[in-house]
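Below is one structure, written out as structure tokens; comments come after it.
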Amino acid sequence: MTESNTKKTDTEEIMHTWERAFHTSPSDKKKFYLTVAYPYPSGAMHVGHGRTYITPDVIARFKRMQGFEVLYPMAFHVTGAPVVGISRRIAAQDENTINLYKDLYQVPQDVLSRFNDPLEIVNHFSNEYERVMKKAGLSIDWTRRFTTVDPRYSKFIEWQWFHLRAGAHVAKGAHPVRYCPQCDNPIGDHDILEGDTAEVQKFTLVMFRRGDEIIPCATLRPETVYGVTNLWVHPDVEYVKAKIDGQVWIISSEAANKISLQDHDVEVVGTIPGSDLVDTTANNKFCGEIPILPAVFVDPDMATGVVMSVPAHAPFDYIALRDLWNQGMYTSINPIGLIQVDGYGEHPAVEAVENSGILHQSDQNLEDLTAQVYLAEHSTGKMYPQYGGKPVKIAREEVAAMLTEQYGSTIMYEFSQHPVICRCGSRAYVKVLHDQWFLQYSDQEWKDQVQKHLNAMSLVPHEVRAEFDRTVGWLKEWACTRRVGLGTKLPWDPSWLIEPLSDSTVYMAYYTIAAKIKEIESEVLTPEVFDYIFLGVESEKLPKGEVREKLNAMRTEFLYWYPYDYRFSAKDLISNHLTFQVFHHCAIFPEHLRPQGMVVFGMGLLNGAKMTSSKGNVYLLEEAISDFGADTVRMFLVGSGEPWQDFDWRYELVKSTQKQVERFVSTIQECMNANGADTPIDHWLRSRIQEYIKLTTLALDAFQTRQAIHLAFFSMERDLRWYKKRLCGAAPSRTLMRELASVWIRLLCPIIPFTAEQLWKEMGEEGLCSFAAWPVPDEAAIDIPCENAEELLMRTEEDLDSILRIIQITPKSVTIVVAPEWKWEIFSKIQQSSAQGTGNIIKELMQDPDIRAHGEAAVDAVKDCSALMHRLPPDLALSLATTPPHEMKIFCDAKSFIEHAFSVSVTVVSSDESAHDKAKQAAPFKPALIIE
RNA sequence: GCGAGGGUUUCAGAGCUUGGCCAAAUGAGCCGGACUUAAGAUCCGGUCCCGCAGGGGUCCGAGGGUUCAAAUCCCUUCCCUCGCACCA
């Protein structure tokens, strides 16, 4: 265990100075408001959560130093069912759950014993979150903290929902859900023990008459009703006769049970063996009187247990029929083709089966074959003209509607696979829930509004826009009420709770007033009050006097902060929360108060594996902070990748980040103690510093935290190294080093605020570094020719080095031969030339008599220079061509440096002064080097 | 299956939008050296292959194509991650 960079007492002292520093309220500064999706405090924070909140904190701190009034608030989302389930499991002494909380989350026994109350869980972890977030140095305004079950927040949610209802965005309807009869509740993905990939499929029941009785055949392909040749029943199954909706249906007993959950009264009145149905007939409008035949592929546990047979288009049906033919039975039944499909003839299923060599109804490959045929027919199939001639996709919908409207068909929902088993061990069914409320995300007008606003929003990174666009198009009705869990009751139908994702869509507005609203009793908070605060609507019903004053203050505060500038959240929330909140803002707030931007995060890995609490693969944030120090954790989390990239928490990498932070401290301390005089080389470093200020600012403006660290830390370090090397052992300039330290500390303050705060104090600066002015580049200190000169020196040093390594002699002297002026002229001319291709450039330049005078050498020089040209960065090439460096002077000035670095004597000459063979090689920005 | 994003040198990760600055930034790891009583601390150097002159060769998931020129553009293919709804 090491407490890095700053000592524990220092850390605590700094936290103390920050205690109230980030409380914020409207001022005459420009505002910047950013929010993160608030946490669901059902467990302890791990380093993955850490990054979610540290990244926005870095931005918040950056903006604050830039002079913005910054609001970074935090609250806790405690709505929903999971925590209720957890408390129930703890109450039931479930060992896994108790161990998770005791060992992994390190909850003390006395606290744990109160966890049979879900509110105790969320209260405990909310406090833990706040405590650990403070340790991580998050610059949050805690006066605005709330939870989603606070009475005042509930009032706010009620207000929101009155508006949604008034805007016709919420409506009542029926909805099929996965349902567990034993739990008497709908079950979600996380509650499924088995069959979690099963989808709810919508079958159309095609009704066939058999005397007075109805045989409902379930199909996913109602358009094939024209091609039915017979029905299939399983001969060994005992079917039931059930009175359903006033008529007697013949279905499997499983089906009777299922249908009873789907809006039908079911009364079983008798049974009939499948074998008794065989060889009787049934009829409907489309196929007349047809026989009921036996088939063993029929599954009584799938839909109604009775199947209509379309042998021309369904491989199962064809095989079953062929089996009967082979026994010499029903040979008069012929498949009826009704769909034209690319690549198939009149009877696609028949062809497919015959070509596949499948022999039996129970062949495993039959499923795949069916899928192939169905897919082909669905995507490219067209009904024959006598059946309407439309594409299958369209015909399917139309036939289904027609059957429902005119021929008594209804819908039956069924899982695509079974069984589906609830976590309680009981089997789950599809149930149609009634009285369910839906958010009408399918509303095209609403979608259009959202899409339009989305187009105007800033999305980071821009790659996520496609996913947002798709989500807007894809969203349909969202069941927005629940029977169980914590939350706000639906105001006009209090038997329902508002579903957790739906009560968290406009709360960013609530943050703006969350501190002040605590002074007002929740009873006062009528919809009119919120209408005034958020929409500026006056009303007779508004309270008067002192309360009204407070409302005015809240209105002012809301208008100051809103709309929020950026919302941060993980990428898995794009398809729900992040898009929902745009919908809700559009429904409630006027255009100028809607979200401005979003930043989407990547996911976290721990040692290469996905970090999830459920698998125990987590590393707690607090543990990380005490193992490595808050600043190391911060720098690693925002520096190992850009926010939107996934990151991997690995010990060795974090460890080396820790060293970097420590190195920064000692480097800065060296800077503070530097006492050298000014030297010409200072000019270069000062110029570079301005460059890094500029680039770091740009990076953080674009939320590129990794890039920012790259520039502000590593690049800066590298230049400082070169600077020191150039001094040849002389002491660094006192003024420049203090200048550097001051800038450097501030550039890294958003990332490593504890360290920065500590060093700032050591520098003797007044006030908190967290509020110090963000460095601004001094344009006057930028000297491009000087930087170019240094670049030339670096490149030459590198050349020299690589030659020496190869030739492996101990050099006595080095002669640097600089290019003659006329080669520089060529260089500049090539840069300016618009001619394409070396040949053309040569032609063009040889027009010039001065150049032509150099004959063959000139041609070579043009070739060399143009090759050289495109090996340089374009802006460097341009700047060199515009203001050619005085190479002779540069090398003469740096003579002692090179002599010192390589321990040789150095001579600098112009190429015309040297008779050496190599002297001819001297080119612009690439002097010839003669080593002897 | 559908939708979105991605596959780069030992690793992480730049670069790819606007093809030539790319053998490919930077950091980590590893190797060697210096400093030290000693270091996991610091500093210096190396880290695809070949080369006793700054050069050459191979390389950016795989396979094709466009181009004088491709990690960068086009096509095909394989693999990975996320989402697919009542769940925070």
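Chain identifiers are assigned alphabetically (A, B, ...) following the order of the sequence lines, protein sequences preceding nucleic acid strands; residue numbering begins at 1 within each chain. Just so you know, these numbers come straight off a predicted model, no measurement behind them.
- B:U47: Watson-Crick or G-U partner is B:G29, with both key distances under 3.5 Å.
- B:G65 and B:G15 are spaced 29 Å apart, taking the P atom of each and rounding to whole Å.
- In this structure, CZ of A:R706 is placed 7 Å from C1' of B:U26, rounded to the nearest angstrom.
- Stacking is found between A:H710 and the pyrimidine-like six-membered ring of the B:A25 base under the 5.5 Å centre-distance and 30° plane-angle cut-offs.
- B:G20 and B:C68 make up a base pair, with Watson-Crick or G-U wobble contacts both under 3.5 Å.
- Taking atom CG of A:N576 as the reference point, atom C1' of B:A88 lies 9 Å away to the nearest angstrom.
- Side-chain atoms of A:W446 come within 3.5 Å of backbone N or O of A:F583 as a donor-acceptor pair.
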Discussion item. For a quick check, with a 4.0 angstrom heavy-atom cut-off, what is the B/S/- contact string for nucleotides 5-10 of chain B, read 5' to 3'?
Written reply: SS----
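- Rounded to the nearest Å, the gap between the P atom of B:U10 and that of B:C50 is 15 Å.
- Side-chain proximity of A:K659 to B:A41, B:A88, B:A28: nearest is B:A41.
- Here A:F897 and A:W722 bring their ring centres to under 6.0 angstrom of each other.
- Atom CH2 of A:W474 and atom P of B:G3 are 14 Å apart (whole Å).
- Between B:A12, B:A28, B:C82, one nucleotide has an atom nearer to the side chain of A:M603 than all others, and that is B:C82.
- Residue-to-nucleotide proximity on RNA chain B shows that, of A:E642 and A:S575, the 5′-proximal contact is made by A:E642.
- Using atom P as the reference point in both B:G6 and B:A14, the two lie 11 Å apart (nearest Å).
- Contact annotation: A:R663 side-chain N/O to B:A41 OP1/OP2 distance is not under 4.0 Å.
- Closest to the side chain of A:S656, from the set B:A28, B:U26, B:A88, is B:A28.
- Atom SG of residue A:C480 and atom CG of residue A:D503 lie 11.0 Å apart, to the nearest 0.5 angstrom.
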Discussion item. At under 4.0 Å between heavy atoms, how does the protein contact nucleotides 45-58 of chain B? Give one character per nucleotide, 5' to 3', with B, S or -.
Written reply: SS----BSBB----
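- A distance of 6.5 Å separates OG1 in A:T705 from CD1 in A:I751, rounded to the nearest 0.5 Å.
- In summary, the aromatic rings of A:F601 and A:Y53 are positioned with their centroids too far apart to meet the 6.0 Å limit.
- Comparing B:U42, B:C82, B:G83 by their closest approach to the side chain of A:K571 singles out B:C82.
- Picking from B:A85, B:A28, B:A88 the nucleotide with the shortest atom distance to the side chain of A:E499 gives B:A88.
- Looking at A:E670 and A:R663, no side-chain N of the basic residue comes within less than 4.0 Å of a carboxylate O on the acidic one, giving no salt bridge.
- Ring-centre distance between A:F438 and A:W478: not below the 6.0 Å cut-off.
- With ring centers used as reference points, A:F703 lies under 6.0 Å from A:F568.
- Contacts of A:Y38 classified as ring-ring contact (aromatic ring centres under 6.0 Å, His included), with partners at least two apart in sequence or in another chain: A:H77, A:Y507.
- Taking atom C1' on both B:A38 and B:U9, the two are 36 Å apart, rounded to the nearest angstrom.
- B:C35 and B:C43: their C1' atoms are spaced 8 Å apart (whole Å).
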